[in-house]
Structure formats: C-alpha cells, structure tokens
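Just so you know, ligand 1 is whichever comes first in the structure, and atom 1 is the first atom listed for that ligand. Below, all heavy atoms of this structure are taken into account, side chains as well, without hydrogens, waters or symmetry copies.
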Amino acid sequence: MTLEREAAANTAKVLSEALPYIRRYVGKTLVIKYGGNAMESDELKTGFARDIVLMKAVGINPVVVHGGGPQIGDLLKRLSIESHFIDGMRVTDAQTMDVVEMVLGGQVNKDIVNLINRHGGSAIGLTGKDAELIRAKKLTVTRQTPEMTQPEIIDIGQVGEVVGVNTDLLNLLVKGDFIPVIAPIGVGANGESYNINADLVAGKVAEALKAEKLMLLTNIAGLMDKEGKVLTGLTTQQVDELIADGTIYGGMLPKIRCALEAVQGGVGSSLIIDGRVPNAVLLEIFTDTGMGTLISNRKRP
Ligand SMILES: Nc1ncnc2c1ncn2[C@@H]1O[C@H](COP(=O)(O)OP(=O)(O)O)[C@@H](O)[C@H]1O
Ligand SMILES: CC(=O)N[C@@H](CCC(=O)OP(=O)(O)O)C(=O)O
C-alpha cells in the first residue's frame with residue numbers, strides 16, 4: 001500500500017471507530033466552557049473551533065460559554081487598573097466592569113465566533129444581556145474564621161450569580177442549527193451589568209438546558225491532590241474536605257463547585273479537562289481516552 005493509501009485507510013478507521021460515540025451523543029446538548037487560559041495559542045483556538053464545528057456537523061448540539069480572565073487582566077494592566085481575586089472571583093468596581101464587558105463581550109466573544117464560522121459553523125455571539133439570556137443578582141461573599149462569632153460579608157463589587165437563563169432563546173438558536181457562544185456577563189433587575197465567573201455561567205446554562213454533559217476546559221490536567229495526581233469521581237463531601245485542607249483553591253473553587261452543582265441539578269456528567277491538549281473536546285467525546293476529572297452519578301461510559 002502506498003503511504004497515501006495507508007494514511008487514508010487510517011483516517012477511515014478512526015472515523016468508523018468514532019461511530020458508536022457519535023450515536024451516543026446525537027441530538028444531545030453539550031455545554032463547553034472554554035477558559036481564557038486554554039486559549040493560549042492560535043493553534044489551540046483553531047483546534048477548539050474545528051472540534052465544535054465537527055460536533056455540530058455530526059448532529060450534536062454544542063453550546064459554548066467562554067472565559068477570558070487572562071485577556072481581561074492584560075487590558076487592565078495596560079490601563080494601569082489594579083485587579084485582585086477573592087476565592088477565584090475578580091473584585092469588580094465600575095471601571096473594571098467596563099473593561100470586563102469590553103473584553104468578554106467584544107474581543108474574546110467575537111474572536112471565538114469568527115473562528116468557528118471560518119471553519120464552517122454558524123456561531124452566534126451573545127452576552128447575558130441579549131434577550132436577558134443570563135439574569136443575575138449581586139453575589140454575596142462571606143468569610144468566617146474560628147475567632148469570629150458570625151461571618152463577615154465581603155463586598156467584591158459588581159460580581160454576580162445567575163438567577164435565570166433564557167432557555168427559549170438558546171433552544172431557538174440550537175433548533176436553527178446555530179452555535180451559541182456566550183460571554184459570562186449577567187444583567188440585573190435594573191439593567192445593571194454583572195461580571196460572573198464563566199464556570200458558574202456554564203454550569204447554570206447546562207442545568208437550564210438539561211445538558212448531557214458539562215465540559216470545563218482549563219489549563220491543568222484536572223482536579224489534583226497535593227501530590228499532583230488527578231482525582232476523579234468525587235463526592236460533595238470529599239470536595240468539601242479538599243477545600244477545607246487547602247488542596248483546592250483559587251480558580252478551581254468555582255470550577256469544582258459548579259461541576260458538582262450541575263450534576264446535582266440534572267446534568268448527565270461534568271468534566272474538568274485539560275484544554276491545552278490539542279482537540280481535547282474530540283478526545284473526550286469520541287474516544288475511550290477519557291481524561292481529567294469526572295463528576296457523575298453514573299460510571300464513565
Ligand atoms: N486542587 C487543584 N487541582 C488543580 N488545579 C488547582 C487546584 N487548586 C487550585 N488550582 C488552580 O486552579 C487553576 C484553574 O483555574 P483558573 O485559572 O480559573 O482556570 P480557567 O481560566 O480555565 O477557568 C489551575 O491552573 C490551578 O492553578
Ligand atoms: C467574577 C469573575 O472572576 N469573572 C471572571 C470572568 C471571566 C472568566 O471567568 O474567565 P476564565 O474562565 O478564563 O477564568 C473574570 O473577571 O476574570
């Protein structure tokens with residue numbers, strides 16, 4: 001066999017092997033959260049866009065929620081605006097909110113939409129303000145130390161939590177074969193903007209759509225223990241213990257909480273996977289090479 005024919009035969013074999021996986025997910029909704037840290041190269045971004053287009057082409061319904069923390073950080077730095085995080089959430093004053101809205105709703109959202117469309121998809125970019133897609137209220141953050149008699153409320157500004165998702169809009173787009181690409185900006189009862197952690201938005205969107213899967217693409221192999229071993233199949237109690245002993249901190253806090261909540265709220269399974277691996281989405285859904293941290297009521301199929 002010539003080298004060319006051998007390569008073609010391999011491609012045909014790979015496609016054929018993917019068939020049972022494709023059939024499992026046809027007609028199902030998968031919510032994919034694309035973290036800002038997993039957008040580190042043009043090659044990775046292109047691979048992600050192609051994975052999403054391929055999913056749609058075989059009849060799966062991807063809904064993308066994106067982050068953009070590092071991209072917000074870059075512009076804040078250029079504008080000499082200081083920024084800091086409490087429990088993985090960016091403290092957001094009015095000036096920071098303007099930057100968040102510009103970067104997430106503008107630059108990052110349109111960049112992903114454009115890439116998906118250039119590879120043959122029909123992506124539509126939205127923020128939570130479009131048709132009030134993500135209704136939000138101010139997030140209350142509390143902190144309590146053993147010395148305190150009652151918890152202290154910490155004001156982290158215009159940071160929100162999701163109170164409602166306009167599923168009518170998303171279902172309309174999905175039925176029309178569009179791929180929704182959502183920036184994690186919420187709208188309050190009086191039209192005010194809220195900066196919401198993208199993992200939390202992805203979790204709530206997955207719950208509202210009763211998605212088959214929530215995939216959180218990040219910049220690490222999964223949730224790890226202190227020795228760097230990837231942990232999987234965790235219960236709420238085990239996660240609470242890992243938070244209490246400091247194994248889970250920072251950006252992993254909202255991620256693991258929303259992965260658990262989504263499954264408790266009816267999503268088939270949640271996964272935290274390494275978005276730095278080329279074609280991470282395809283590897284996860286079309287092969288047995290399941291990686292990362294799986295939270296599920298079922299065993300890995
Ligand atoms: N137990 C843990 N296992 C893995 N990562 C952890 C853990 N605890 C904290 N982290 C941190 O969480 C980060 C992922 O969160 P984040 O930076 O917010 O990613 P993203 O931008 O993809 O949402 C990791 O890069 C790591 O620094
Ligand atoms: C409240 C809060 O922290 N919002 C995030 C929103 C973007 C995000 O979540 O981006 P990643 O997924 O890339 O981290 C922020 O301002 O960075």
Side-chain angles (χ1 to χ4, degrees), residues 32-40 44-45 48 64-77 81 83-93 95-105 107-109 111-112 127-128 134 136 138-141 154-162 182-186 193-204 214-232 234 238-259 271-277 280 292-293:
I32 301 118
K33 187 265 174 159
Y34 191 34
N37 278 309
M39 299 172 192
E40 63 189 14
L44 276 179
K45 285 198 287 186
F48 173 79
V64 178
V65 176
H66 64 82
Q71 293 76 0
I72 297 167
D74 285 349
L75 184 55
L76 286 172
K77 208 166 156 197
I81 302 172
S83 187
H84 65 279
F85 287 82
I86 292 180
D87 288 347
M89 305 283 177
R90 187 188 306 276
V91 178
T92 307
D93 61 10
Q95 207 184 13
T96 305
M97 188 66 233
D98 285 347
V99 174
V100 168
E101 209 156 354
M102 281 184 235
V103 174
L104 294 183
Q107 181 200 353
V108 178
N109 187 272
D111 195 23
I112 299 170
T127 79
I134 312 290
K138 188 175 161 82
L139 176 78
T140 309
V141 178
I154 306 168
D155 187 359
I156 59 169
Q158 280 171 255
V159 174
E161 63 178 305
V162 178
I182 305 168
I185 292 157
S193 303
Y194 284 108
N195 177 15
I196 315 180
N197 177 283
D199 298 322
L200 300 184
V201 171
K204 291 297 169 202
L214 167 67
M215 299 173 85
L216 303 165
L217 267 67
T218 184
N219 65 338
I220 200 152
L223 169 66
M224 302 197 292
D225 66 11
K226 287 220 162 76
E227 282 72 49
K229 191 172 134 266
V230 175
L231 301 170
T232 193
L234 298 165
Q238 286 168 312
V239 167
D240 286 345
E241 284 165 15
L242 292 167
I243 293 173
D245 78 3
T247 308
I248 303 177
Y249 57 89
M252 192 50 74
L253 284 168
K255 212 178 290 302
I256 191 69
R257 283 199 183 115
C258 90
L271 274 157
I272 300 173
I273 54 171
D274 196 342
R276 299 166 306 174
V277 173
T293 299

Rounded to the nearest 0.5 angstrom, the CD1-NZ distance for I182 and K33 is 13.0 Å
Could you give me the CA-CA distance, side-chain angles and deciding distance for L253 and I248, then say whether side chain to side chain contact (heavy atoms under 4.5 Å, CB included) is met?
-> CA-CA 6 Å; L253 284 168; I248 303 177; 3.9 Å; yes
For G67, counting its heavy atoms only, list the atoms of ligand 2 lying under 4.0 Å from any of them.
-> 8 (C), 10 (O), 11 (P), 12 (O), 13 (O)
Mark the output for G251 as yes if a heavy-atom distance to ligand 2 is under 4.0 Å, and as no if none is.
-> no
Rounded to the nearest 0.5 Å, the CG atom of D274 sits from the CG atom of N219 at a distance of 7.5 Å
Closest non-hydrogen protein atom to atom 26 (C) of ligand 1, residue and atom name please, with distance?
-> I220 CD1, 4.0 Å
When rounded to the nearest 0.5 Å, the distance separating CG of L139 from CG of L200 is 7.5 Å
Closest protein heavy atom (residue, atom, distance) for atom 9 (O) of ligand 2 | A198 N, 3.0 Å
Which of the atoms of ligand 1 are close to N219, meaning less than 4.0 Å from one of its heavy atoms?
-> 14 (C), 24 (C), 25 (O)
Counting heavy atoms only, name the option from I256, L242, T218 that's nearest to atom 14 (C) of ligand 1.
-> T218
Those atoms of ligand 2 less than 4.0 Å from some heavy atom in R90 | 1 (C), 2 (C), 3 (O), 15 (C), 16 (O), 17 (O)
Flag the pair Y34 / K45 as yes when at least one side-chain heavy-atom distance between them is below 4.5 Å, and no otherwise.
-> yes
If we only count heavy atoms from C-beta on, is the I154 to D87 side-chain gap below 4.5 Å?
-> no
Interfacing atoms of ligand 2 (cut-off 4.0 Å, heavy-atom, I72) | 15 (C), 16 (O), 17 (O)
Nearest protein heavy atom to atom 10 (N) of ligand 1, by residue and atom, and its distance?
-> M252 CB, 3.5 Å
May I ask you to decide whether D155 forms a salt bridge with K138, counting only side-chain N to carboxylate O separations under 4.0 Å?
-> yes
May I ask you to identify the nearest protein heavy atom to atom 3 (N) of ligand 1, giving residue, atom name and distance to one decimal place in Å?
-> M224 N, 2.9 Å
Nearest-contact summary for atom 1 (N) of ligand 1 - protein heavy atom, Å | T247 O, 2.7 Å
From M252 CE over to I243 CD1, what is the distance, rounded to the nearest 0.5 angstrom?
-> 11.0 Å
When you measure from the side chain of E40 to the backbone N and O of R276, does any donor-acceptor pair fall under 3.5 Å?
-> no
Tested for side chain to side chain contact (heavy atoms under 4.5 Å, CB included) against Q71, the lone hit among N37, V103, L76, L104 is V103
Under 3.5 Å, is there a donor-acceptor pair between the side chain of R90 and the main chain of S83?
-> no
Closest protein heavy atom (residue, atom, distance) for atom 4 (C) of ligand 1 = G222 O, 3.3 Å
Proximity to ligand 1 by part of R276, non-hydrogen separation under 4.0 Å = neither
Run the numbers for me: atoms of ligand 2, each under 4.0 Å from some heavy atom of I196, listed by number.
-> 4 (N), 6 (C)
At what distance is the nearest protein heavy atom to atom 17 (O) of ligand 1, and which residue and atom is it?
-> N37 ND2, 3.3 Å
In terms of atom number and element, which parts of ligand 2 are under 4.0 angstrom from non-hydrogen atoms of V159?
-> 1 (C)
Should you measure from each heavy atom of L223, which atoms of ligand 1 turn up under 4.0 Å away?
-> 1 (N), 2 (C), 3 (N)
Give yes if a backbone or side-chain nitrogen or oxygen of M89 is under 3.5 Å from a nitrogen or oxygen of ligand 2, and no if not.
-> no
Atom 13 (O) of ligand 2: closest protein heavy atom, distance to 0.1 Å, is G36 N, 2.7 Å
Considering distance alone, does some N or O of D199 sit under 3.5 Å from an N or O of ligand 2?
-> no
Could you tell me whether K33 approaches ligand 2 through its side chain, its backbone, both or neither, with non-hydrogen atoms closer than 4.0 Å?
-> side chain
What's the spacing between N195 CG and I185 CD1 if we round to 0.5 Å?
-> 7.5 Å
Heavy-atom nearest neighbour in the protein, as seen from atom 20 (P) of ligand 1, with distance rounded to 0.1 Å | K255 NZ, 3.5 Å
Heavy-atom proximity to atom 7 (C) of ligand 2, best of G69, G35, G275 | G69
Output yes when a side-chain donor or acceptor of T293 lies under 3.5 Å from a complementary backbone atom of L223, and no otherwise.
-> yes
Name the closest protein heavy atom to atom 18 (O) of ligand 1, giving the residue it belongs to and the distance to 0.1 Å.
-> G251 CA, 3.3 Å
Taken to the nearest 0.5 Å, the spacing of D111 CG from M39 CE works out to 8.0 Å
Heavy-atom side-chain contact between E101 and T127 under 4.5 Å | no
among protein heavy atoms, the one nearest atom 5 (C) of ligand 2 is N195 OD1, 3.6 Å
